[in-house]
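What follows is a set of notes on a single structure, which appears directly below.
Predicted, not measured: the structure shown is a model, and the values here were computed from it. Note on naming: letters A, B, ... go to the chains in the order of the sequence lines (proteins, then strands), and numbering restarts at 1 for each one. Quick note: numbers below take in every heavy atom, side chains included, and nothing from hydrogens, waters or symmetry partners.
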There are 2 protein chains.
Amino acid sequence: MPKDATAPAPRPMRADARRNYNRVVAAAETVIAEHGAEASLEEIARHAGVGSATLHRHFPTRQALLEAVFKSRVEALCAKAHDLLSDPDPGTALVTWLRAVGAHAVANRGLGASLMRGARHGGPTLGNTCHTMIVNAGDELLARARQANAVRPEASIVQLLKLVSAIALATEEEPDGPTQADQLLDLALDGVRLHRTSRPHK
Amino acid sequence: MPKDATAPAPRPMRADARRNYNRVVAAAETVIAEHGAEASLEEIARHAGVGSATLHRHFPTRQALLEAVFKSRVEALCAKAHDLLSDPDPGTALVTWLRAVGAHAVANRGLGASLMRGARHGGPTLGNTCHTMIVNAGDELLARARQANAVRPEASIVQLLKLVSAIALATEEEPDGPTQADQLLDLALDGVRLHRTSRPHK
DNA sequence: GCGATAACCGGAGGGCCACCCCAGTTATGG
DNA sequence: CCATAACTGGGGTGGCCCTCCGGTTATCGC
């Protein structure tokens, strides 16, 4: 089965089409890493050796292209979430995963914004697959943590992800982005957890 | 050549110039409230009944325009910070103020982004007056709270403001933005405070 | 009150970009 | 091997940001 996202390709997509598709994704990857998520689509097309029309045909919206670029990373994060489900400490597992999400969002410029944008346009049409994948993966972790009384029960996974994305969005394209993001996450996520013991003097 | 952003005009600025200046600021206010901080400058000029050149002459950069638009609100926030300095509970005062900052940032689309952008371009040249004003005002509140052991000592005011701005940025242009922002702030700011007593079972 | 002058105004134009249309080209199935 | 359907990319449109330049107007010294 072709690795097509949502359509079970009735036509298996012509060879050159798939070739150009891959070229565009590769070019987008490098250009976005260089210039951020607001990079010029034409520059991506140029860098891929492809006309702008081709790019727009394969990816009718910028969001669609971002989804394709970040798909592998999102899948990795979902896999990590699955692994962490067997962690002995549900609360720490959740926080660890959220930090990983934040780290990825900071490292891959624009991922954070991409994840957030997914929430809008409620329609399940397209463009929000990254968002839903992450939400589903994280929801299991949160449910387990909540069951163990390790987190504030009123926090939803959407809120938590939005918080993480916001921090990533705010610190990306800063000189010391990763450091700042880490500190901010430390501050913010600490408020999410429930510390039944009195807080250590640290 | 006096680069006056706020300078006390050696030449008192011609009457029509000031008139157009005010018109542009007023137009920007409404257009930004409608379309966000990324609104088209030409549309602002159009809405003000003014050529685009006039807009660019008065405000050489978008940031300069945003500064002018948000100046009054920022001043109000600084005044509020000053008032809260006499609040009996330093920790609560700080959190109250940060929530107020967040509320303003959400209400006035683009203010959050504007506040953050100020941090960059380290130069004290221009465009970061809003940022420095807010930072200075908040720093006093934070210092007092820290002295009272009411907050985690490693949190800096820049970090806290960045956190608040990030949340505002993430929730603005959402249908239920203010509500979400409030919940997220609740989550995030709780991690900032130091609860010397063991946390209530709540 | 009245020119001279300096400041101000806004339309025109250049460069860049997202997006669409259409004729040429190429892979694919009978 | 060829008919056909799908894919391609150059060119066009409209929008944006920003700058230059000739015309206009407020302001100051007389």
Side-chain angles (χ1 to χ4, degrees), chain A residues 2 4 7-28 31-32 34-69 110 113-114 117 121 126-127, chain B residues 1-5 7-28 31-32 34-69 110 113-114 117 126-127:
Chain A
D4 193 292
R11 297 281 181 242
M13 200 184 207
R14 240 168 68 173
D16 52 351
R18 170 148 296 278
R19 192 169 55 85
N20 277 353
Y21 180 100
N22 290 332
R23 273 195 190 179
V24 169
V25 171
V31 173
I32 285 177
E34 179 81 12
H35 293 81
E38 301 296 303
S40 158
L41 295 185
E42 291 206 342
E43 181 169 343
I44 292 175
R46 235 175 288 135
H47 194 278
V50 148
S52 65
T54 300
L55 187 149
H56 280 94
R57 190 173 325 106
H58 282 304
F59 307 99
T61 168
R62 163 179 253 109
Q63 182 68 17
L65 177 56
L66 293 179
E67 298 262 338
V69 169
S114 175
R117 298 283 179 274
H121 316 99
L126 94 164
Chain B
M1 134 182 153
K3 48 158 58 163
D4 76 344
R11 295 281 179 245
M13 199 183 209
R14 241 169 67 173
D16 52 351
R18 171 148 297 277
R19 193 170 54 86
N20 277 353
Y21 180 99
N22 290 333
R23 274 195 188 179
V24 169
V25 171
V31 172
I32 285 177
E34 179 80 12
H35 293 81
E38 301 296 303
S40 158
L41 296 184
E42 292 207 340
E43 181 169 342
I44 292 175
R46 234 175 289 133
H47 194 277
V50 147
S52 64
T54 300
L55 187 151
H56 282 95
R57 191 173 321 109
H58 281 304
F59 307 99
T61 170
R62 162 178 253 111
Q63 183 68 18
L65 178 56
L66 293 179
E67 299 262 339
V69 169
S114 175
R117 297 283 179 275
L126 92 165

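With rounding to whole Å, A:N22 atom CG is found 15 Å from D:dC7 atom C1'. Separating the CG atom of A:L41 from the P atom of D:dG9 is a distance of 16 Å, rounded to the nearest angstrom. Atom CD of B:E38 is separated from atom C1' of D:dG15 by 15 Å (rounded to the nearest Å). In this structure, A:L55 atom CG and D:dG10 atom P are separated by 14 Å, rounded to whole Å. The separation between A:Y21 atom OH and C:dA27 atom P is 21 Å, rounded to whole Å. Computed from coordinates, the B:E42 CD to C:dG14 C1' distance equals 13 Å when rounded to whole Å. In this structure, the NE2 atom of A:H35 is 14 Å from the C1' atom of C:dC16, given to the nearest Å. Between B:R19 atom CZ and D:dA26 atom P the separation is 9 Å, expressed in whole Å.
B:H56 pairs by the ring-ring contact (aromatic ring centres under 6.0 Å, His included) definition with nothing, not counting sequence neighbours. Residues satisfying the side chain to side chain contact (heavy atoms under 4.5 Å, CB included) criterion with B:D16, sequence neighbours excluded, are B:R14, B:R19.
In this structure, B:Y21 and B:F59 have tilted ring planes: the angle between them lies in the 30° to 60° band.
Looking only at side-chain heavy atoms (C-beta outward), A:Q63 and A:L66 come within less than 4.5 Å of each other.
Taken from CD1 in A:I32 to CZ in A:R62, the straight-line distance is 7.5 Å, to the nearest 0.5 Å.
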For nucleotides 27-30 of chain D, print each protein N/O atom paired with a nucleotide N/O atom at under 3.5 Å, atom names and distance only.
unit_1 : atom_1 : unit_2 : atom_2 : d
D:dT27 : OP1    : B:A15  : N      : 3.2

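Listed by residue number, B:R46, B:S52, B:A53 are the residues of residues 43-53 of chain B with a heavy-atom contact under 4.0 Å to DNA chain D.
OP1 and OP2 of C:dC8 both lie 4.0 Å or more from every side-chain N or O belonging to B:N20. Between B:H58 and C:dC9 there is a side-chain N or O to OP1 or OP2 distance below 4.0 Å.
Across all strands, B:R57 comes closer than 4.0 Å to base atoms (heavy-atom distances).
You'll find that the side chain of B:H56 is closest to D:dT19, out of C:dC9, D:dT19, C:dA18. Distance from the side chain of B:S40 is smallest to D:dC16 among C:dC19, D:dC16, D:dC7.
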What side-chain donor-acceptor pairs closer than 3.5 Å can you find for residues 36-50 of chain A, not counting sequence neighbours?
unit_1 : atom_1 : unit_2 : atom_2 : d
A:S40  : OG     : A:E42  : N      : 3.2
A:S40  : OG     : A:E43  : N      : 3.1

